[in-house]
Amino acid sequence: MRSYKVNMKKEIKFIPLDYDYFDYNSKNYLKIFGRDEDGKQVCLIDDFEPYFWVILNKDIDEERLEKIKKEIEKLEVNSDTRTTKVEKTSIENKEFLSKPVKAIKIFVTNYKDAHGIADQIDFPEVIARREYDIPLITKYIIDNNMQPLVWKKIAGEILNNSEEFGNIDSSLQVDYVLKAQKIISLDKTKSDSEFKPRIVAYDIETDDFEIGKGEILMISLYGEGIKKVLTSKKCSHKIDYIEYYKDETEMLEAFVKHIKKIKPDILVGYFSDGFDMPYIRARAEKHKVDLDLGLDGSKPFFSRGKLTSASIAGIVHVDLYRFIETVFSQYMQSETLGLDEVAKELIGEGKKNIEWKKPSKLSDDEWKNFFEYNLQDSLITYKLAEKLWPDMLEFSRIIQEPLFDITRQGMSQLVENYILHNLKKFNEIAEKRPLHDEIESRRELGKYEGAYVFQPIPGLYEDIVFFDFTSMYSSVIVTYNLSKSTLLEKKEKDSLEVNLEKEGKVHFTKEPGFFPEMLGNIIEMRKKYKSEYKKKEDNLAKARSNAYKLLANAAYGYQGFFGARYYCRQAAASTATLAKKAILETIEKIKKLDLEVIYSDTDSIAFLRKEKTKKQIEDILEKLNKGMQGIMELELEDFYKRGIWVTKRSSESGAKKKYALIDEKNRMKIRGFETVRRDWCDLARELQSQILELILKEGNEKKALELVKRTIKDLKERKIEREKIMIRTQLKKPLSEYKAITPHVIAAQKMKEKNLPVHIGMLIKYFISETREKKELVREKVKLEDEKGEYNIEYYLNNQLLPAVENILQVFSINIEETISGSKQKTLF
DNA sequence: GGATAGCTGTTACC
DNA sequence: ACCGGTAACAGCTATCC
């Protein structure tokens, strides 16, 4: 006789955090980790009914349809572990690429075999088989409305030593396991602010940068009420947060023990997918420490791919670096995305400064410093996580994908997931992911014609107005209905015709397509939340607005991206073409008002205000907007007191994407100049920005010229400090793959020889030195920061300082080289 | 054998 | 491979006359 227990019924409020799935009796089940309203850790078990679609022509006759359905119901796939059958089918009227279709919904035993079943379906009436390639968790969230980080009411029964699922509850380290029976969505607005995740930040220090090669010297943890440094090293200082362990093994065991005790919702690191977690795994393996951090007793899981991601069952491991890289980097001032710079910019606090030494050479006090340094890294990582929490939360809610995924996905994946989760509203069946060959042929098509850039005339200008189109490309997509599903095979009545360079004339229907409609909605949501947080300070509204803004901005790139499900080159190319047309027409209209247009790039137009008042300019803007198509809108970016455009280095013509402005509050806006390029030395960058400021503030070049002369004098007298002449260039690929051996490649090679860490993405720092023999190539004069040697005066004069200033002074007809050599001659005489 | 066009590579703009 | 095209420019390198 089997003993069996009656499970207790319970109704809870639940917030899903982390999703996982498992098989039981050949079927798929979800394990969803989260918290209840009392803050208890819960694992929810839910079943999942996997299915995919077979799409048929909508005109197929009923009899034939029934026959196909019956045939499909006979299919099965056998493997060593299970048999997957077609469980049931249903015939539905759906949309595919915005066109009505007949579809058979095919439920299968196990989702992993959906593709295998789909492959067997091969009737001539079948147009397509779809949705077997959508990740299981994504599909589950869509079908069961179990959106991450949104409170749900769940009725279910508590599993207690249950026979069900092979006693799964006893292996899960949560407060209780609930088998879901009914899921009810709540009015989420009420409880939104209530959930505060338990966040713990961690960081390790090692004695070798190569993963697993060295020893982990210490691990720090920081969170609310948590402040720890675990170490196997010795130091006489007794500090409350330092825990000393006998060796690395015990330290790692203590790390696991602490995490289990803290029970964090989120474990956050900085570059921890690529460093901390793999290192911990490697050392734990070496010492045979059981790294069972997962709430199901599992070890961290490392996904394969270009970038590995480290996941822990039931705990959301967030590598903040990755989230910042995709979501924030474009709006940040930092030149690198290192923890120090990023933290300084976002939370106003950076890393602790210490001098790096071999651990064997550290004194007692230096060890203490090292522990503090390690703790500080966790502390600022924690603060960053707190600061970015609203953004992570909103991204996860809007995209409707788990936190783990949205913090690691690129913009195209985020857009795609947003689409997948919103297709339901359109009754749409999802398009498939392109296969390898398809991607290849898409890529082979090469580029299409893009944005318009106005050819500027070099000079100093006064009273400049900048107009720009709000979310221009998105507005174009929405206005003209440009997408894969609205592209027509041939011209139709009332359709839009766009003439493209390569593909000739293409046509789009006026019948609304889901992609432009979705995008229109994104733009509206962006507007809504922007005005909401402008009215009153609200971090969540701001984060929400920002998330929608990023989605809107990425939508155009998505349609042009070869890896996209809804890739449509014609739509992307047409977007660029129509945007170009709109900006050119607007330029013409402004010119007709007797205003002088001096610059334009993609979605912005700069012109001279002349005698017109600001009010008159605003009236002009209003008038221009009245004549605008669809949701296209031009806005006033700003008024500028002065601006300068320079020539290209190689010719007399004006350089595009390179100008500097000053507004009425003396705020500078510098674009494209060496000042904003991190691969130029600080000496040149600082001099350039100073002379731009002197010129723009007063509209006169005399002081600027004096400053240039003084700086050159200092350079020649070797008064420039080393830091100012360092050149930083990023290593973008493995050293061996470089065809062109440039200075930074040489510098990286030198670093490697010195056993310094060299990895992709790193900024290589070097300077150009004097050499004994005459050397032609710059790379032959490369030296690392700590190498002995004088800087090369000729190089820094001719390749850094002069190039940075000559085009600017040229605007005032000053030839700096002649001026310098002239003054030299004067001193000679 | 010196000039230079063209390529590789990085970083910017939008 | 992990969103698009446009553009400037440095430094190296193949090619030309």
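No hydrogens, no waters, no symmetry mates; every other heavy atom, side chains included, goes into these values. Protein chains get the first letters and strands the later ones, always in sequence-line order, with residue 1 at the start of each. Not measured: the values here are computed from a predicted model.
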Under a 3.5 Å threshold, yes or no: a donor from one side chain and an acceptor from the other, between [X] and [Y]?
X: Gln629(A); Y: Thr479(A); result: no
X: Gln810(A); Y: Thr647(A); result: no
X: Ser309(A); Y: Arg322(A); result: yes

Which is true for [X] with a 4.0 Å heavy-atom rule: it touches a base, it touches only sugar-phosphate, or it touches nothing?
X: Leu777(A); value: sugar-phosphate
X: Tyr795(A); value: sugar-phosphate
X: Phe673(A); value: nothing
X: Tyr599(A); value: nothing
X: Glu449(A); value: sugar-phosphate
X: Gly557(A); value: base
X: Asn799(A); value: sugar-phosphate
X: Tyr448(A); value: sugar-phosphate
X: Gly563(A); value: nothing
X: Ile741(A); value: sugar-phosphate
X: Ala554(A); value: base
X: Lys656(A); value: sugar-phosphate
X: Ile670(A); value: sugar-phosphate

Q: Indicate, yes or no, whether a donor-acceptor pair under 3.5 Å links the base of dT11(B) to the side chain of Arg677(A).
A: yes

(Q) Heavy atoms from C-beta onward define the side chain here; which of dT11(B), dG4(C), dC14(B) lies closest to that of Thr602(A)? (A) dC14(B)

Q) Between dT11(B), dA1(C), dT13(C), which nucleotide has the shortest distance from any of its atoms to the side chain of Phe562(A)? A) dA1(C)

Q) So, is Lys648(A) close to the dA8(C) phosphate, meaning a side-chain N or O under 4.0 Å from OP1 or OP2? A) yes

Q) Roughly how far apart, to the nearest Å, are dC3(C) and dT8(B) at atom P? A) 24 Å

Q) Less than 4.0 Å between a side-chain N and a carboxylate O, is that true for Lys781(A) and Glu776(A)? A) no

